[in-house]
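All values below come from the heavy atoms of this structure, side chains included, with hydrogens, waters and symmetry mates left out.
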Amino acid sequence: MTTPHIHADVDAFAATVLMPGDPLRAKHIADTFLTDVKCVNTVRNMYGFTGKYNGKDVSVMGSGMGVPSMSIYATELVKFYGVKNIIRIGSCGGLPLSVKVREVVIAMGASTDSAVNRNRLQGMDFAALASFDLLERAVTAARAKNIGVKVGNVFTSDLFYNPDATLFDTLEKYGILGVEMEAAGLYGVAAEYGINALAIMTVSDHIRTGESLSPDERQTSFNEMVEIALALA
């Protein structure tokens with residue numbers, strides 16, 4: 001089957017797909033955590049893999065950066081390949097000082113400056129929420145693995161370099177834990193097509209303190225987040 005952005009057999013993807021933004025991180029996850037791995041998509045170098053984790057089929061595929069890219073790939077996975085669960089695994093910038101670099105943030109909800117979900121809801125506000133089943137299971141899995149997590153609202157931004165620094169003060173006032181670029185788009189697709197979705201992120205840098213992880217540190221620090229996501233498969 002061929003879509004505008006994916007070329008794979010109709011049964012190439014498992015019911016659950018983990019989606020990091022970076023396709024090379026998708027390859028790293030497949031190589032590190034999965035067995036019997038098969039590369040199922042290479043279109044635009046947006047690598048997709050399917051393999052087994054603890055005997056269960058699971059897929060991992062890059063989403064690209066931003067709401068539009070995530071929305072395209074999530075929609076095509078659901079409409080054409082029958083995917084039922086999509087778990088975003090990526091990075092975010094921590095906002096309040098109570099959220100530390102390397103900590104895992106699970107997005108119960110995703111506020112946004114993107115208009116994508118208003119367009120879905122005929123111009124009205126849409127509450128972009130995680131699927132409760134995945135959220136509950138993720139928190140349970142994190143506790144079982146002794147991984148500390150923060151659960152709450154994140155902000156999905158259309159701008160990586162936002163010119164209005166006062167925005168962060170407003171976001172923190174309203175309890176936003178971190179800033180990222182895909183969760184609200186994923187949650188909108190999930191609501192539209194009736195699938196399950198969750199965004200799990202590692203704090204790779206801190207907006208207030210300026211602390212950040214090196215590329216090598218990101219790869220090793222992200223393993224805890226991946227382990228939580230794989231437990232849901």
Side-chain angles (χ1 to χ4, degrees), residues 1-3 5-64 69-70 72-91 104 106-107 130-147 149 182-183 186-187 189-190 193-202 216 218-233:
M1 175 180 289
T2 300
T3 73
H5 307 90
I6 302 172
H7 179 70
D9 294 338
V10 68
D11 59 351
F13 292 94
T16 298
V17 179
L18 278 56
M19 299 194 77
D22 185 351
L24 292 180
R25 189 171 296 142
K27 184 178 186 306
H28 168 74
I29 292 167
D31 291 343
T32 305
F33 293 95
L34 305 184
T35 60
D36 301 326
V37 176
K38 180 181 179 181
C39 182
V40 296
N41 185 69
T42 60
V43 176
R44 297 173 181 248
N45 290 326
M46 194 60 75
Y47 301 122
F49 304 89
T50 296
K52 291 187 180 296
Y53 181 76
N54 289 341
K56 296 182 179 180
D57 291 338
V58 61
S59 297
V60 56
M61 180 174 169
S63 70
S69 187
M70 168 59 86
I72 286 170
Y73 286 107
T75 297
E76 292 185 7
L77 287 171
V78 174
K79 285 185 66 175
F80 301 105
Y81 294 97
V83 171
K84 303 299 183 185
N85 311 289
I86 298 179
I87 303 168
R88 161 162 158 67
I89 45 173
S91 60
V104 175
I106 301 178
S131 301
F132 179 76
D133 177 64
L134 290 182
L135 175 64
E136 183 179 39
R137 288 168 55 205
V139 173
T140 299
R143 287 173 177 164
K145 295 175 181 292
N146 292 316
I147 300 172
V149 297
E182 288 84 30
L186 172 60
Y187 289 177
V189 170
Y193 292 99
I195 68 154
N196 301 308
L198 182 67
I200 306 173
M201 291 151 290
T202 299
D216 288 342
R218 290 187 183 209
Q219 188 150 294
T220 55
S221 297
F222 286 6
N223 285 347
E224 289 187 338
M225 164 185 66
V226 176
E227 290 174 2
I228 295 171
L230 285 169
L232 308 182

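From L134, atom CG reaches atom CD1 of I195 across 9.0 Å, with rounding to the nearest 0.5 Å. From D31, atom CG reaches atom CZ of F33 across 11.0 Å, with rounding to the nearest 0.5 Å. Atom CD1 of I72 is separated from atom CG of L77 by 12.0 Å, given to the nearest 0.5 angstrom. Here the OH-OG1 distance, from Y47 to T42, works out to 7.5 Å after rounding to the nearest 0.5 Å.
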Would you please test L198 and Y187 for side-chain contact (heavy atoms from CB on, under 4.5 Å) and show each step? CA-CA 7 Å; L198 182 67; Y187 289 177; 4.0 Å; yes
One pair to check against side-chain contact (heavy atoms from CB on, under 4.5 Å): M19 and L186. What are the steps and the verdict? CA-CA 10 Å; M19 299 194 77; L186 172 60; 5.7 Å; no
Set out, in order, the CA-CA distance, both residues' side-chain angles and the distance that settles side-chain contact (heavy atoms from CB on, under 4.5 Å) for V43 and I6, then state yes or no. CA-CA 6 Å; V43 176; I6 302 172; 5.8 Å; no
Just do the side-chain contact (heavy atoms from CB on, under 4.5 Å) check on H28 and F222 with the steps written out, would you? CA-CA 11 Å; H28 168 74; F222 286 6; over 6 Å; no
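The two atoms that bring G62 and A26 nearest to each other are N-CB, 3.9 Å, heavy atoms only. In this structure, S69 and G64 approach most closely via the heavy-atom pair OG-CA, 3.5 Å. Residue I200 comes nearest to A138 through the heavy atom pair CD1-CB, 4.4 Å, listed as atom of the first residue, atom of the second, then distance. For the pair A107 and M201, the tightest heavy-atom approach, listed with the atom from each and the gap, is CB-CE, 3.8 Å. The minimum heavy-atom distance linking A233 with K56 is given by the pair O-CD, 3.8 Å.
Residues passing the side chain to side chain contact (heavy atoms under 4.5 Å, CB included) test with D22 are L24, R25, sequence neighbours excluded. Not counting sequence neighbours, the partners of L34 by the side chain to side chain contact (heavy atoms under 4.5 Å, CB included) test are A30, V37, Y53, V58, V60, L230. For A14, the side chain to side chain contact (heavy atoms under 4.5 Å, CB included) partners two or more places apart in sequence, or in a different chain, are D57, S59. Not a single ring pair (Phe, Tyr, Trp, His ring centres under 6.0 Å) links F49 to another residue, sequence neighbours left out. Residues meeting the side chain to side chain contact (heavy atoms under 4.5 Å, CB included) test with I147, sequence neighbours left out: V104, A142, K145, V149, E224, E227, I228.
In this structure, H7 places its NE2 atom where only 12 or fewer heavy-atom neighbours from other residues, nucleotides or ligands lie under 6.0 Å away.
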For a quick test of your reading: what N or O donor-acceptor pairs under 3.5 Å do the side chains of residues 80-91 make, sequence neighbours left out?
residue, atom, partner, partner atom, Å
Y81, OH, M1, O, 3.0
Y81, OH, A8, N, 3.4
Y81, OH, A8, O, 3.3
N85, OD1, N196, ND2, 2.8
N85, ND2, T16, OG1, 3.1
R88, NE, E180, OE1, 2.9
R88, NH1, E182, OE1, 3.2
R88, NH2, S91, O, 3.1
R88, NH2, E180, OE1, 3.3
R88, NH2, E182, OE1, 3.1

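For the pair T50 (side chain) and K38 (backbone), a donor-acceptor distance under 3.5 Å is absent.
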